[in-house]
**Q** 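The structure is given below, and queries will be raised subsequently.
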Amino acid sequence: MKGVYMDNGATAFPKAPGVAEAMANYINNVGCNVGRGAYEDAFAAQRTVLETRELLCELFNCDKVENVVFTKNITESLNAIMKGLLKAGDHAIISSMEHNAVTRPLNSLSKKGVEFSRAKCHQDGQLDLESVKSLIKENTKAIIMMHASNVCGTVLDLEGVGRIAKEHGIFFIVDAAQTAGVLEVDMKKLGADAIAFTGHKSLLGPPGMGGFVINDRLCGQVEPFIEGGTGSTSESEEQPHFMPDKFESGTQNIVGIYGLNASLKFLKEKGIESIRRHELEMTMEFIKRVKELPGVRLVGREGKEGRVAVVSIDFEGSDNAEIGFALEHEYQISTRVGLHCAPSAHKTLGTFPQGTVRFSFGYATTLEQVEYAANAIKKTLELME
Ligand SMILES: Cc1ncc(COP(=O)(O)O)c(C=O)c1O
């Protein structure tokens, strides 16, 4: 990466130190499958896979190591849970800020008789808990919600949702794409039955690696949507019911698991809180420098509370795509322009259909980069006057 990378909301760069080496080590020195061989290298790979589950259990405060399931990304995790759980006649509640990873599978399920409703969010992206309550019906089976917005960074009040879900005996599934690795994501504190995660964003691991943690109550209700060989109970042609084999058919992305293992160890050593502090410091510096510029409309929250390091700007009176293009072309600053796979969030924030230019910071973002980006925005706006 030669330029200034400010698209960590899409995927983190750089990845954690040690990720590339761990993946290369698997390819060069280990190389075998897990659960399918009784020889030393296979056991070594198995130990790394188990250790990765343990690290994730610790991160999400999940009780059982076998209830950590690997998938290729959070989109697959959310599909696996929603499509394995929701049947014709069921109702689900989401927020109006959701990513297409939630809304598209639900739209497809709605053609098969599953209903869903969107709880209102305020103009800063925060959830209206009263709206969640008002949408609960007799047949409401699940609430599926993001922990933080990938458009404006607002952290949703999910503890409140967890309490409501518990009171009504509804399953609660959390999309932690933008928070895992930068914010505490505690299954118990959130009152969540499942937390879905992706490895390549703030978990600082490789792309193609994600998963979910799930409790026994929800696990028992979710049918696997991929079935096949697991290396276990080979005498049976039925999918095993035990975890994690129930949801992990076919050869897993072991090289990805090695990478995620290294990034989780880095996060543990560095401490999520210190990464969060740094990212928020960069975010606040950026906001301070750009918020008074003419034509800049900050979308979401201006303050540091209840947010992650994702900032969206609607350049009023300009074409957001043109600004994004100029930043890339003239200053080599990578941002993400448009609707960020979340049209409903943009409708909530009042930025549909024009979208925004999104700047998202990471653990390696420096103050110099923030100053450089703020100056580049200033000069670009001056040129456009
Ligand atoms: C909130 C949210 N959910 C889901 C996703 C999908 O992530 P992935 O592409 O890793 O499946 C993203 C990625 O942009 C996201 O920000």
Side-chain angles (χ1 to χ4, degrees), residues 5-13 15 19 56 69-83 92 94-108 118-119 121 125-127 143-158 161 173-183 185 190 192 194-212 225-226 253 256-257 259-260 263 279 299-300 306-312 334-346 348-349 355-362:
Y5 187 72
M6 294 196 164
D7 198 16
N8 288 278
T11 196
F13 186 85
K15 301 301 181 194
V19 168
L56 288 161
V69 174
F70 293 120
T71 62
K72 70 173 186 288
N73 50 45
I74 194 170
T75 303
E76 186 175 308
S77 304
L78 291 164
N79 267 270
I81 300 172
M82 291 189 288
K83 291 183 177 166
I94 63 172
S95 82
S96 72
M97 293 296 288
E98 298 309 312
H99 189 276
N100 279 340
V102 167
T103 50
R104 286 186 176 172
L106 278 174
N107 268 310
S108 141
R118 283 175 224 254
C121 293
Q126 185 52 267
L127 183 68
I143 301 177
I144 305 113
M145 265 175 211
M146 58 168 39
H147 197 186
S149 166
N150 62 310
V151 175
C152 62
T154 301
V155 176
L156 274 66
D157 176 7
L158 292 195
V161 180
I173 298 142
V174 173
D175 166 349
Q178 296 291 340
T179 52
V182 278
L183 199 64
V185 185
L190 293 175
I195 308 266
F197 62 91
T198 205
H200 65 104
K201 296 185 196 269
S202 33
L203 285 179
L204 306 178
M209 192 61 239
F212 59 89
F225 94 132
I226 295 177
N253 178 6
I257 295 174
L260 186 61
S263 72
E279 290 189 359
V299 174
R307 68 167 309 125
V308 293
V310 175
V311 180
S312 256
S334 308
T335 62
R336 171 116 186 260
V337 179
L339 295 173
H340 315 96
C341 298
S344 169
H346 280 279
T348 306
L349 300 164
T356 53
V357 184
R358 183 183 73 179
F359 300 80
S360 44
F361 311 109

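For ligands, and for the atoms within them, numbers begin at 1 and follow the listed sequence. Throughout, residue positions are numbered sequentially from 1 according to the sequence presented. Computed from a predicted structure; not experimentally measured.
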**Q** At a 4.0 Å threshold, what atoms of ligand 1 neighbour a non-hydrogen atom of Asn150?
**A** 16 (O)
**Q** Considering only the protein, which heavy-atom contact is closest to atom 15 (C) of ligand 1, and what is its distance?
**A** His99 CD2, 3.4 Å
**Q** Going by the order shown, which atoms of ligand 1 are within less than 4.0 Å of some heavy atom of Ala177?
**A** 1 (C), 2 (C), 3 (N), 4 (C), 12 (C), 15 (C)
**Q** For Lys201, is the nearest heavy atom under 4.0 Å from an atom of ligand 1?
**A** yes
**Q** Would you say His200 contacts ligand 1, with heavy atoms under 4.0 Å as the rule?
**A** yes
**Q** Any idea which protein heavy atom is nearest atom 7 (O) of ligand 1, and the distance to it?
**A** Ile74 CG2, 3.1 Å
**Q** Answer side chain, backbone, both or neither: which part of Thr198 comes under 4.0 Å from ligand 1, heavy atoms only.
**A** side chain
**Q** Closest non-hydrogen protein atom to atom 9 (O) of ligand 1, residue and atom name please, with distance?
**A** Thr75 OG1, 3.9 Å
**Q** Ligand 1 versus Asp175, non-hydrogen atoms closer than 4.0 Å: side chain, backbone, both, neither?
**A** side chain
**Q** Less than 4.5 Å apart, side chain to side chain, heavy atoms only: is that true for Asp7 and Ser360?
**A** yes
**Q** Ligand 1 versus Gln178, non-hydrogen atoms closer than 4.0 Å: side chain, backbone, both, neither?
**A** side chain
**Q** For Asn73, give me all partners under side chain to side chain donor-acceptor pair (under 3.5 Å), at least two apart in sequence or on another chain.
**A** none
**Q** Do the ring planes of Tyr5 and Phe13 sit parallel (below 30°), tilted (30 to 60°) or perpendicular (above 60°)?
**A** perpendicular
**Q** Measure centre to centre between the rings of His340 and His346, then say whether the value is under 6.0 Å.
**A** yes
**Q** For ligand 1, which atoms have a heavy atom of Met146 less than 4.0 angstrom away?
**A** 1 (C)
**Q** Looking at side-chain heavy atoms only, is the closest gap between Leu127 and Val161 below 4.5 Å?
**A** yes
**Q** With no hydrogens and no angle check, just 3.5 Å: does a side-chain donor-acceptor pair link Ser96 and Ser344?
**A** no
**Q** Counting each atom of ligand 1 from 1 as listed, which ones have a heavy atom of Ala101 under 4.0 Å away?
**A** 4 (C)
**Q** Residues two or more places apart in sequence or in another chain: which of them pass side chain to side chain donor-acceptor pair (under 3.5 Å) with Ser263?
**A** none
**Q** Measure the shortest side-chain to side-chain distance between Phe225 and Asn79 over non-hydrogen atoms and say whether it is less than 4.5 angstrom.
**A** yes
